[in-house]
Each structure stands twice: as C-alpha cells, then as structure tokens.
K.L.:
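Here you go, one structure.
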Amino acid sequence: MDVLHNLNQQQQQAVTAPEGQILVLAGPGSGKTRVLTRRIAYLVQYMGVSPFHIMAVTFTNKAAREMKSRVETMIGESIHGMWLGTFHANCARILRREAAHLPISNNYIIFDADDQVGIIKNIIKEEKLNDKQYRPYDVQAAISNAKNNLITAEEMIVETQRDRIVQRIYRKYQATLESNNAVDFDDLLFWAVRLFEEYPAVREAYSRQFRHVLVDEFQDTNLVQYTLLKHLSSFHNNLFVVGDEDQSIYRWRGADYRNVLRFTDDYPKATKILLEENYRSTQLILDAATSVIDENLHRTHKQLQAARNLQGPKIILHTAYDDRDEGIFVVDTIHRLLDRGKAAGSDFAVMYRTNAQSRLIEEAFLKAGIDYRLVGAQRFYGRREIKDLIAYLRLVHNPDDAVSFNRIINVPKRGIGEVSLQSILLAAQKAQVSPGRLLLSLGLEKEKSALADSLPSRILPKLIYFGEQFLYWSEAKEELSVAELLETIIESIEYENYLEEDSVNRDTSIDRLANVHELRRLTYEYKDSGLDTFLENMALVSDQDTLPENTEAPTLLTLHAAKGLEFPIVFIVGMDQDLLPHSRSISEPEELAEERRLFYVGITRAKDQLYLTRAERRSFFGTTSTTLPSEFLADIPSELIEIAGKAGITRHHQRNTDYAQFRDNARTTQAPSWLDFARPETRRQPEVDPIYHIGMRVHHAMWGEGVVINSFVDDGEEAVDIEFKETGLKKVLASIVKLEILGEGENHV
DNA sequence: ATAAAGTGACTTTTT
DNA sequence: GTCACTTTAT
C-alpha cells in the first residue's frame, strides 16, 4: 500500500516531512496514529532507513502493539530490530544492557507501586515516624515527583521539617532498592537519563543508532521523558513528536503539556503541523467540544472540522432524580436502541469520572439483563493470588528481592508471624546477606549452616524445609520453562489448597483459582523466553492489555481509560459539580483545566451521539446529598443541547420559553439555572406530554422531510408515526430519533 | 499466631 | 458503603 494513500494534505506533509524536529499537533480523531505509522513506513520504505535505526515510543503497550502491527501490515514485512515500545520498556532494555555502569546487576527486578509503598511503609516504621503525618502513599508520590523532575534525594530542596524527613525517606528508599537489586518505574527513565549524562560515550552510541526518534502522545511526557528524548535524538536530531495539548490528562503523574511549548522553544527550527480535520465525530459534537476546550488557556486553538459532512443530532442532557435513576436512564436508553436495532451493544460506551460511579450503572445493566464490559476496575496483577505467585517467581529470579521474600514467607501459612520474621531479618542483616540468600544457605547446609544458630529453634525446621524447596527451584529455573517452574511452585507449596481454605466463601475461592489458572495460561505464552522476560513483562504490562476482548457489549470505563478510543454513542455520566470537575481539582486552576480536558476527551470519543447525564441527588460515602450541575455544562452553547427526561412540564412549553433562559444562562459562571427546568419534580414520573402533533412537518438527517401521521405516549415514551416523502412510513420513538420540527400545520417556526 | 472487631480514608492510575 | 489496615481478643 502506498504510504500516502488516503491522507489529507496536512497528514501528507507530516508523513513526508524532511529530517529535523517535527511537531504534529493532532486534534482528536484527526488520524494521529495513522500519521505516526505512515511516517515509520515512509522512513523504512522510501527513505531506506533500517528499522534498527528507528525508535518509536508510546505510553502504553497496547499502543505499541497496535503501531507495530499496523506498520508491518503496511510495509508487508517484519520490522524486526526496531525499538518500538513504551518509554519504560525501551529504558528497561537500555538499563539491562548497561547495567555495568549502574548500581544494579542485569537481573534486576522492577518494583511496582504496591512494592514501593510497602518499602516506604517499612521505612516509616523503622524511623518511628507517624504514618498519619507521613502517609506512605503521599511520601511515595513526593519521591516519584522528584524523580520525574530528575531530582535525586541529595538534590531535593529542603525548606521545611517535612522536606527533611521526606528526603531522609527518599535516601533510605533508594538504598533499599539497590540492596534488593531493584528499580522502580520512575528509576527506569531516571537512570537512563543519568546514564546518558554521566557517560557521554553511551549517549553517543545510542543517539548514533537512533537516526529517527518518534513519539506518540507527546503532551503526556514529563521532564524525564522529555530529557530522555533530547538525549536519544542528540546525534541525528530527528525527533518527530505527535500530540495534543488538549488531551493531556496525566498531570498528576508528572505529565506536562507545556512540553509542547518547550519543544518549539528548544527547537526553534522545528516544523509545526496542525491536524484539524476530524474523521470521527459529527460537526455538532466537535462544536460542543471546541466551545468547552476554548475556555482553557495556554494552548493552540484548533478549529476542528468534521470530514463527515454531517451536522448530527444534538447532545442529549438528562437530569435524573438520583444517581440510581441516572443509571437506569442510561441502561433504558441503551435497551431501547438495542431493541429497535438502531445500534449494536459494542456501539455504546458509558464514561465516568471515578470508578465508584460504575457500581450503579452495573446494577442497572444487571437488572436489565444486558451484558456489559467493564474496563479497568480491579486489576488482574493487583490480585493477591497473582502477586503472591509472581513474588515466588521474582524471588527465585532474584534472591535479593526482600520485598517478595516478606510477602511470601508466610504465604501459605508456615507459622512465621511478625516476630519470627523480624528475627529472620535480623539474622540476615547480621550475616550481611539478603533474607532470600539466608534461605538458600539453610536449604543447602541445613542445620549446619552458620546462620542456623542465630535463628529461633522453633521456626528453624520450617525455614530449612522452605529453604530446600527454594533451593530446588533456584537450581531448576534454568532447565524449566516459566510455566513448568510456576507449576512446580504451586504444587510444592500446595497453593491451591491454601486458596480454598483461606477464602471466606466459595465464590472468592473459585475466583481466585480462576485467576491462578489465568496466570498459568499467561506463562505458556512465554515458552520461548526466559523468566527475566516474563517478569519484566509482568511489571511493565498493564491490565488493560490483558482485558478479555468482549467486543459485543457496551463498555463501561473511566474518562481516563477512554483516551484513544471511539464509540458511536457515548454517555458521560455524573455531570455534577464536584464530580466533574472533581472536588479535589476545583481550587487549583491548572487542575481545573485538566478536568476540562478530561471532559473534552470524553466528548470527542463520540462519533454520532452524545448523552450527558447528571443526578440531582447522589450518595457520597454512604450519605446522600444534593448536587449542582457541572460548571462545564454552561460552556456548551444551548443550541447544541436538547433536554431529555423532563417530567411535570410539557416539552413543548419548555422549548418555547425555557430555551431562551437556557441560552442566556449558558455563558454565566454560576451553575446554570436553566437546569432547574430539566429537573424531575417527582421520582420516575412516567407520563410525558407529546411534542409532536398530527400534521406537523419534520425533518430527519437520513430520511429527509416528512409529516406526522400519529403521535401517542406509550409507557412514558412518545411514539410517533411519520410519513416521509422519500422513504415512506416510519414508526419512531421521539426520545431516540432526532427530528427537526419544520412547521406545525400551517405555522412555520 | 491468627481471627474477629474497630477505625478511618476515600480521583484519575498509561508504566 | 466499602475496603484496607489496626487493634483486640482468643
């Protein structure tokens, strides 16, 4: 396939851009991924660049995988040798190769967020600090933040007592990682940058290799990532970045959309290309999205233009009595559209700000007997049984991993509690070995081990027994595949028995066994690679990559998880102040701006129809309170919105009078009072007065002009029969089919 | 050493 | 309301 096939002019310009720094600012749905993959194909096929000389960086494994398969399809050959992966995976690879320059050996393991917090918790305990005042999670965030800004413990700015303490914990934390032969997520990037800065020859070697560096989702890079890219491209200076400031939603993880501005500052000769043609949504949806995001400052305005030449139906806004009714409205609406064959299950997505909101939506789905797909909620790798078994494998791979040791020393129960554990750790410390190596020594030399004396006699036999098992696994790990090793471990510790006994009820037991089975299945995929590759992938692969792909059902997901996806019909629920924007973000302008971007991301996922819903009453942590409409609703011009689900006042009345007020208030900063008119006065009142009358002339986007033959309310729904000029008689539901009223009998509007 | 009862926190979570 | 973590009782 020709790499320029079906590309618009801006896309072509990007794909064929000359060498140098290229910044592609790509609006939602503008073919960003397409440009990136075509650019790679162009380089390989037309410019004769070997895949070996290309590095392409993404944030997720999913994105990397997709890019890889798309490029391969396009150029019809393997791109073997290309460094195509996530920031973290590419850096992990570099660190593994350059371990000689680093305080870790090349079988280092990667600690995840839980491991990090666990270590910090221990340090806080050791330091006898108050864990209310120094919450492990917060300290971890502070350390992570420092690393994301390329700051070591020594380089921290210390002004307060708290800073001093955090610095001390940071230092100790880093020492712990080293003694465990481990790095955390942030270190992967941080150390790669340090490596390049301290060893110019290493930097030169890599930057010579990568004649072209390409980056996806550039707006989500943080300082480490930005710096890394500079180093990687420092020899050939070919840096091609694609992003959209307006879709930067990971500020709280250090992402800084201003890197887009920094890029043009640092590279004044950079070529800037704007992609504004949108291949996804209707113009109406784009107009709404634009009016929302235009409220933000410090950005490049983009005039999103729909390629589909379709204005599209208005956004439907529904205010429910409470959050339960909100869920019911969503599911009812989906149900009706499914029943009428207007859409398939997979056409729908329901998006929310917080995971907690999914529960009531799920309940409504369950009640209606409609299948759904939940993205993200509990993570597979976060499950206890998975973490346990991974900890066993990690310990076998790297006996110095004390975090994993602590995790599994009494799982399954070996009668080694807190006190015994402390005495083991103390004995190991005295002998200057890691607890894992102490165990190996016990397994090898039994009671004769020099370490045996310093351990309580009560637990010694148990430790020796466990040590023998551990020694056996360690010796067998070279010959056995990952799957075989895992199987051996599961059997010798009787893990499945333990799960059954330990589970509170039958269901959790079945769940957990199923998870273990799933892990087994996963290990079979690593037939040809070693334990190291498996563990690295376990650490670096996210849950969303392993989601079962049930493509038939509506998808429930957070707004964050929605980035990069698209659906014909999108519901954004919880359009209430304090939820979206979230209460924690309201006081800080930059955070409020990010909430707005989050809303923008949600809106622009919709191809054809967008529903916004909110609830007048919502339960927060058990207690119900009333809510105010999201301030973002006021940013959408009223003429793009249609209010649905109102009861008590006729729709007709509302259209003629309330709409003006709606418009007048739409631009005020206060909660728009027009929403009062959309407010249901009584709970789930089914009766609705018909909007359409016999003889009324209407227009539909697809069917053209027609005349209303009949209209009646059935089960709280207005059903309308319309005779269309072109297509004949259609029976439709007023709330679903978008009709424009051209005239009532003789009167024109 | 472990199970039961009490306490308090609670956004998002690409790696 | 729910979950994880801590205290307390066995």
Side-chain angles (χ1 to χ4, degrees), chain A residues 57-64 85-92 110-118 121 125 131-132 135-138 140-141 144 147-148 183-190 216-217 219-222 224-225 247-255 323 351-357 359-360 375-379 381-382 384 410 413-421 458-459 462 502 504 536-545 557-565 574 578-586 591 594-595 597-599 601-602 618-624:
Chain A
V57 200
T58 62
F59 275 89
T60 67
N61 293 291
K62 191 169 152 233
T86 64
F87 273 102
H88 291 81
N90 284 329
C91 286
I110 300 163
F111 279 163
D112 66 18
D114 285 350
D115 301 326
Q116 296 174 43
V117 172
K121 209 178 272 177
K125 205 181 273 176
D131 64 355
K132 294 277 174 335
R135 285 162 46 197
Y137 178 86
D138 293 345
Q140 193 274 323
S144 177
K147 288 182 179 179
N148 286 161
V183 301
D184 63 23
F185 284 139
D186 304 315
D187 282 341
L188 289 170
L189 311 174
F190 182 67
D216 192 14
E217 307 278 16
Q219 77 283 352
D220 282 333
T221 53
N222 57 31
V224 197
Q225 288 155 343
Q247 293 185 64
S248 173
I249 55 174
Y250 286 99
R251 191 184 113 91
W252 47 279
R253 301 219 47 154
D323 42 3
M351 302 173 185
Y352 34 80
R353 179 64 180 81
T354 69
N355 276 313
Q357 289 169 261
R359 219 193 72 236
L360 289 169
V375 174
Q378 325 122 294
R379 42 209 92 166
Y381 298 105
R384 190 168 48 148
N410 202 30
K413 300 210 160 46
R414 295 187 176 89
I416 297 166
E418 192 53 33
V419 180
S420 306
L421 175 61
R458 206 180 57 76
I459 56 167
K462 294 169 181 168
D502 191 64
V504 198
E536 182 170 312
N537 275 285
M538 288 298 103
L540 294 181
V541 166
S542 81
D543 304 302
Q544 271 156 42
D545 294 315
L557 73 180
T558 62
L559 287 164
H560 281 92
K563 192 169 79 163
L565 306 177
D578 289 354
L579 247 189
L580 184 66
H582 196 273
S583 55
R584 292 218 168 178
S585 316
I586 286 169
E591 293 200 359
E594 176 139 319
E595 296 286 306
R597 293 194 289 270
L598 201 47
F599 183 37
V601 166
R618 202 172 275 285
S619 61
F620 289 105
F621 317 132
T623 48
T624 302

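To find a chain, count down the sequence lines: A is the first, B the second, and so on, and within it residues start at 1. As a basis for the values below, the full set of heavy atoms in this structure was taken, side chains included, without hydrogen atoms, waters or symmetry mates.
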K.L.:
Any base atoms under 4.0 Å from A/I416, or only sugar-phosphate, or nothing? Heavy atoms, all strands.
P.N.:
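Sugar-phosphate only.
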K.L.:
Calculate the interatomic distance between A/D216 atom CG and B/dT14 atom P; express it in whole Å.
P.N.:
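Checked: the CG to P distance equals 16 Å.
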K.L.:
Rounded to whole angstroms, how far apart are CG on A/D220 and C1' on B/dT12?
P.N.:
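So the two atoms are 12 Å apart, to the nearest Å.
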K.L.:
Nearest to the side chain of A/K413 - B/dA3, B/dA1, B/dT13?
P.N.:
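Given the options B/dA3, B/dA1, B/dT13, the side chain of A/K413 is closest to B/dA3.
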K.L.:
Under a 3.5 Å cutoff, is there a donor and acceptor pairing between the side chains of A/S144 and A/D186?
P.N.:
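Side-chain D/A pair, A/S144 to A/D186: present.
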K.L.:
Where the side chain of A/H560 is defined as all heavy atoms beyond and including C-beta, which of B/dT13, B/dC10, C/dC5 is the nearest nucleotide?
P.N.:
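Of B/dT13, B/dC10, C/dC5, B/dT13 is nearest to the side chain of A/H560.
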K.L.:
Among B/dT14, B/dT12, B/dA1, which is the nearest nucleotide to the side chain of A/V419?
P.N.:
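That would be B/dA1.
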K.L.:
Please determine, for the side chain of A/K121, which listed nucleotide (C/dC5, B/dT13, B/dA3) has the closest atom?
P.N.:
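Out of C/dC5, B/dT13, B/dA3, the nucleotide with an atom closest to A/K121's side chain is C/dC5.
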K.L.:
Would you mind reading off the distance between A/W252 atom CH2 and B/dT12 atom P, rounded to a whole angstrom?
P.N.:
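For the pair A/W252 CH2 and B/dT12 P, the rounded distance is 9 Å.
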K.L.:
With a 3.5 angstrom cut-off on both distances, give the Watson-Crick or G-U wobble partner of C/dG1, or none if there isn't one.
P.N.:
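Across any shown strand, C/dG1 pairs with B/dC10.
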K.L.:
Does OP1 or OP2 of B/dT13 have a side-chain N or O of A/T558 closer than 4.0 Å?
P.N.:
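So the side-chain polar atoms of A/T558 do come within 4.0 Å of the phosphate oxygens OP1 or OP2 of B/dT13, strictly under.
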K.L.:
Could you tell me whether A/R384 and A/D114 have a side-chain N and a carboxylate O separated by less than 4.0 Å?
P.N.:
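No, A/R384 and A/D114 are not salt-bridged.
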K.L.:
Both A/T221 and A/H582 contact DNA chain B. Which one's nearest nucleotide lies toward the 5' end?
P.N.:
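Nearest-nucleotide comparison on DNA chain B picks A/H582.
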K.L.:
Counting distance alone, no hydrogens or angles: does the base of B/dT12 have a donor or acceptor under 3.5 Å from a partner atom on the side chain of A/R353?
P.N.:
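Indeed there is one.
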K.L.:
Base, sugar-phosphate or nothing for A/S420? Non-hydrogen atoms, less than 4.0 Å.
P.N.:
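Contact class for A/S420: sugar-phosphate only.
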K.L.:
Check the distance between C/dC3's C1' and A/Y137's OH and give it to me in whole angstrom.
P.N.:
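To the nearest whole Å, that distance equals 16 Å.
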K.L.:
Grab the CZ-P distance between A/F87 and B/dT14 for me, whole Å please.
P.N.:
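One finds 16 Å between P of B/dT14 and CZ of A/F87, rounded.
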K.L.:
So if I apply the salt bridge (Lys or Arg N to Asp or Glu O under 4.0 Å) rule between A/E595 and each of A/R353, A/R584, A/R251, which one comes out positive?
P.N.:
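That would be A/R353; it is the only one of A/R353, A/R584, A/R251 passing the salt bridge (Lys or Arg N to Asp or Glu O under 4.0 Å) with A/E595.
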K.L.:
So, is A/S583 near the phosphate of B/dT11, with a side-chain N or O under 4.0 Å from OP1 or OP2?
P.N.:
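No, because none of the side-chain N or O atoms of A/S583 sits under 4.0 Å from OP1 or OP2 of B/dT11.
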K.L.:
Between A/N410 and A/F621, who's closer to the 5' end of DNA chain B by nearest nucleotide?
P.N.:
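Here A/N410 is the residue nearer the 5' end.
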K.L.:
What integer distance in Å separates A/Q357:CD from C/dT2:C1'?
P.N.:
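So the CD-C1' distance, A/Q357 to C/dT2, works out to 16 Å.
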K.L.:
Within the pair A/R135 and C/dC5, is there a side-chain N or O less than 4.0 Å away from OP1 or OP2?
P.N.:
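Answer is no, no contact under 4.0 Å.
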K.L.:
Measure from CG on A/N61 to C1' on B/dT13 and round the result to the nearest Å.
P.N.:
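Distance check: A/N61 CG to B/dT13 C1' gives 15 Å.
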K.L.:
To the nearest Å, how far apart are A/I586 CD1 and B/dT12 C1'?
P.N.:
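For the pair A/I586 CD1 and B/dT12 C1', the rounded distance is 15 Å.
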K.L.:
Of all the nucleotides listed (B/dT13, B/dT12, B/dT14), which has the minimum atom distance to the side chain of A/A561?
P.N.:
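Of B/dT13, B/dT12, B/dT14, B/dT13 is nearest to the side chain of A/A561.
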K.L.:
Would you indicate, yes or no, if B/dT13 has its OP1 or OP2 atom less than 4.0 angstrom from a side-chain nitrogen or oxygen of A/N355?
P.N.:
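A/N355 to B/dT13 OP1/OP2: side-chain N or O found under 4.0 Å.
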K.L.:
Can A/T354 and A/H582 be said to form a side-chain contact (heavy atoms from CB on, under 4.5 Å), step by step?
P.N.:
CA-CA 9 Å; A/T354 69; A/H582 196 273; 4.0 Å; yes
K.L.:
Could you check whether A/R253 pairs with A/D220 (Lys NZ or Arg NE/NH1/NH2 to Asp/Glu carboxylate O, under 4.0 Å)?
P.N.:
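Answer for the salt bridge query: no.
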K.L.:
If you only use heavy atoms from C-beta on, which nucleotide in B/dA1, B/dC10, B/dT13 is closest to the side chain of A/R584?
P.N.:
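Taking heavy atoms from C-beta onward, the closest nucleotide is B/dC10.
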K.L.:
Is the A/H88 to A/F59 ring centre distance short of 6.0 Å?
P.N.:
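No, the ring centres sit 6.0 Å or more apart.
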